2 protein chains.
Amino acid sequence: MTSIAHAGKPASSDPIGFEQHDHGSCISAGLAAAEAHCQAEGLRLTPVRRKALEILLQEHRALGAYEMLDSLRDAGFGSQPPVAYRALEFLVTNGFAHKIERLNAFIACAHPGANHSPAFMICRICDSVAEAQSAPARGALGEAARATGFTIERTVVEAEGICPACTEKADA
Amino acid sequence: MTSIAHAGKPASSDPIGFEQHDHGSCISAGLAAAEAHCQAEGLRLTPVRRKALEILLQEHRALGAYEMLDSLRDAGFGSQPPVAYRALEFLVTNGFAHKIERLNAFIACAHPGANHSPAFMICRICDSVAEAQSAPARGALGEAARATGFTIERTVVEAEGICPACTEKADA
DNA sequence: GGCTCCATGTGATTTTATAACGTTACTGTC
DNA sequence: GACAGTAACGTTATAAAATCACATGGAGCC
């Protein structure tokens, strides 16, 4: 199941991701979830980190670190690469964002708080990214790991292809 | 199933990968498979490309493009990045090698010729990499893709964790 | 030979990511 | 509130990874 789609009425409907959704509420929900989680875990959601998450949620697409840096600078934060990389590292470490290895880019987590191993679908035409759940340890990979004695700690699962919207455009 | 293990007597046994194997024969087998495939497809396995594949097979680990470039230069080829990137692109495009996105590195394909979607197990301690088969389209990801109308063309499946050898060392 | 196509070699540049270091700001203790 | 300890921040500098642009060269075709 993908989680780009969001429940609730599509007030400000938005085609980014593979389905329309109430974008305003997904931003505030994401921020609220992060705040709650940090509160609970004693983590510090500092201004830069919060702004970085807000930017990711706002853009609702995979952002390169330097795009993030531009936005952070515009928002009055430092202008050197480590500013962006540190904020992104915090978000990724704590599960508020994910790195898309294939794109060297970052995206807000679509299942904030949930304990999950994410999988991504990346459109090679429009670069949109949707997050789904995966259970790689249960498939062929998990079997291979068990057979060889490899301990899986983290998985990167990214599918590259064509999203529904671009498929339609191509057919037209 | 992983395919780091190779049949045949371990003449020059080699601990790289997760199991010992006859390394000499896996190099020649890999080159032979590539030659045959290129012959059949009308592809040009030029000297740089052949050497690049030989280096990957020889090293039997994930090599960065610049490590490859060093080796190619030592072998008498050009010394600028495009030399390595172009050879690697050819090998990856034609299935003789894979890119490990997580490491920005390249590794010889362990199933030369086979039509496959590879999965990798990457040891975060010693950086060794083993190739396994995956069938991502059959699991949760495939279901998500079908549900949303996403067409999967290629998948990146990489598990990060600890290999058997490093687990043993840690236990000792 | 002359043509085309693809591959190669090289210089330059862009993009992505980290190292190192001093300063600031929060946390807990008294 | 004053203090020490720690975590986060800002900046300079540099490293690592990847691509662009353009000239040269060789294989196959006519």
Side-chain angles (χ1 to χ4, degrees), chain A residues 34-35 38-53 55-56 61-94 96-107 124 127 156 158, chain B residues 34-35 38-39 41-53 55-56 61-94 96-107 122 124 127 156 158:
Chain A
E35 261 157 20
C38 287
Q39 186 78 27
E41 302 283 324
L43 299 167
R44 293 166 59 184
L45 188 62
T46 62
V48 220
R49 291 168 177 177
R50 191 179 199 286
K51 187 67 191 179
L53 177 55
I55 290 165
L56 285 181
R61 62 188 178 94
L63 282 185
Y66 282 72
E67 288 183 274
M68 172 61 72
L69 180 56
D70 287 344
S71 298
L72 289 176
R73 182 184 40 237
D74 291 351
F77 297 96
S79 61
Q80 298 303 314
V83 170
Y85 281 100
R86 286 196 285 234
L88 289 167
E89 187 191 9
F90 173 86
L91 297 177
V92 168
T93 298
N94 296 294
F96 305 134
H98 302 291
K99 178 169 188 185
I100 310 294
E101 297 288 343
R102 180 81 186 140
L103 301 177
N104 294 325
F106 301 82
I107 194 164
R124 72 168 157 80
D127 274 344
V156 173
E158 299 173 359
Chain B
E35 262 157 20
C38 287
Q39 185 80 25
E41 303 283 323
L43 300 167
R44 293 166 61 184
L45 188 61
T46 62
V48 220
R49 293 169 176 177
R50 191 179 200 284
K51 187 67 190 178
L53 178 55
I55 290 164
L56 284 181
R61 62 188 179 94
L63 282 184
Y66 282 72
E67 289 183 273
M68 173 61 72
L69 180 56
D70 286 345
S71 298
L72 289 176
R73 182 182 40 235
D74 290 352
F77 297 97
S79 61
Q80 299 301 316
V83 170
Y85 281 100
R86 287 195 284 234
L88 288 166
E89 187 190 10
F90 173 85
L91 296 177
V92 168
T93 299
N94 297 109
F96 305 134
H98 301 292
K99 179 169 188 185
I100 310 294
E101 296 289 343
R102 182 76 190 148
L103 301 178
N104 294 324
F106 301 82
I107 194 164
I122 306 168
R124 72 167 155 81
D127 275 344
V156 173
E158 300 174 1

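Being a predicted model, the structure only gives us computed values, none of them experimental.
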Given that S79(B) and R44(B) both sit by DNA chain C, which one's nearest nucleotide is further toward the 5' end? R44(B)

Donor-acceptor under 3.5 Å (E67(A) side chain, G64(A) main chain): yes

Phosphate oxygens OP1/OP2 of dA17(C): is one of them under 4.0 Å from a side-chain N or O of K99(A)? yes

Looking at CG of L63(B) and CG of L88(B), how far apart are the two atoms once the value is rounded to the nearest 0.5 Å? 8.5 Å

To the nearest Å, give me how far apart CG (L45(B)) and C1' (dC6(C)) are. 15 Å

Rounded to the nearest angstrom, tell me the gap between atom CZ in F106(A) and atom P in dT16(C). 10 Å

Counting heavy atoms from C-beta on, name the nucleotide in dT10(C), dA17(D), dC9(D) closest to the side chain of R49(A). dC9(D)

Flag the pair K99(A) and E101(B) as a salt bridge only when some basic side-chain nitrogen lies within less than 4.0 angstrom of an acidic carboxylate oxygen. no

Counting only side-chain nitrogens and oxygens, does N104(A) get under 4.0 Å of the OP1 or OP2 atom of dA17(C)? yes

Could you tell me whether E158(A) and R102(A) have a side-chain N and a carboxylate O separated by less than 4.0 Å? no

With the criterion set at under 5.5 Å between ring centres and under 30 degrees between planes, would dT15(C) be stacked on Y66(A)? no

Mind calculating the distance between CD (E89(A)) and C1' (dC9(D)) to the nearest angstrom? 14 Å

Among the nucleotides dA18(D), dG9(C), dC9(D), whichever has the atom closest to the side chain of V48(A) is dC9(D)

Side chain of Y85(A) only, please: which of dA17(C), dC9(D), dA7(C) is the nearest? dA17(C)

Taking N and O atoms by type only, does the side chain of R86(A) place a donor or acceptor under 3.5 Å from a partner on the base of dG10(D)? yes

Considering only dT18(C), dC6(C), dT8(C), which nucleotide approaches the side chain of P82(A) most closely? dT18(C)

According to a strict under-4.0 Å criterion, is Q80(A) in side-chain N/O contact with OP1 or OP2 of dT12(D)? yes

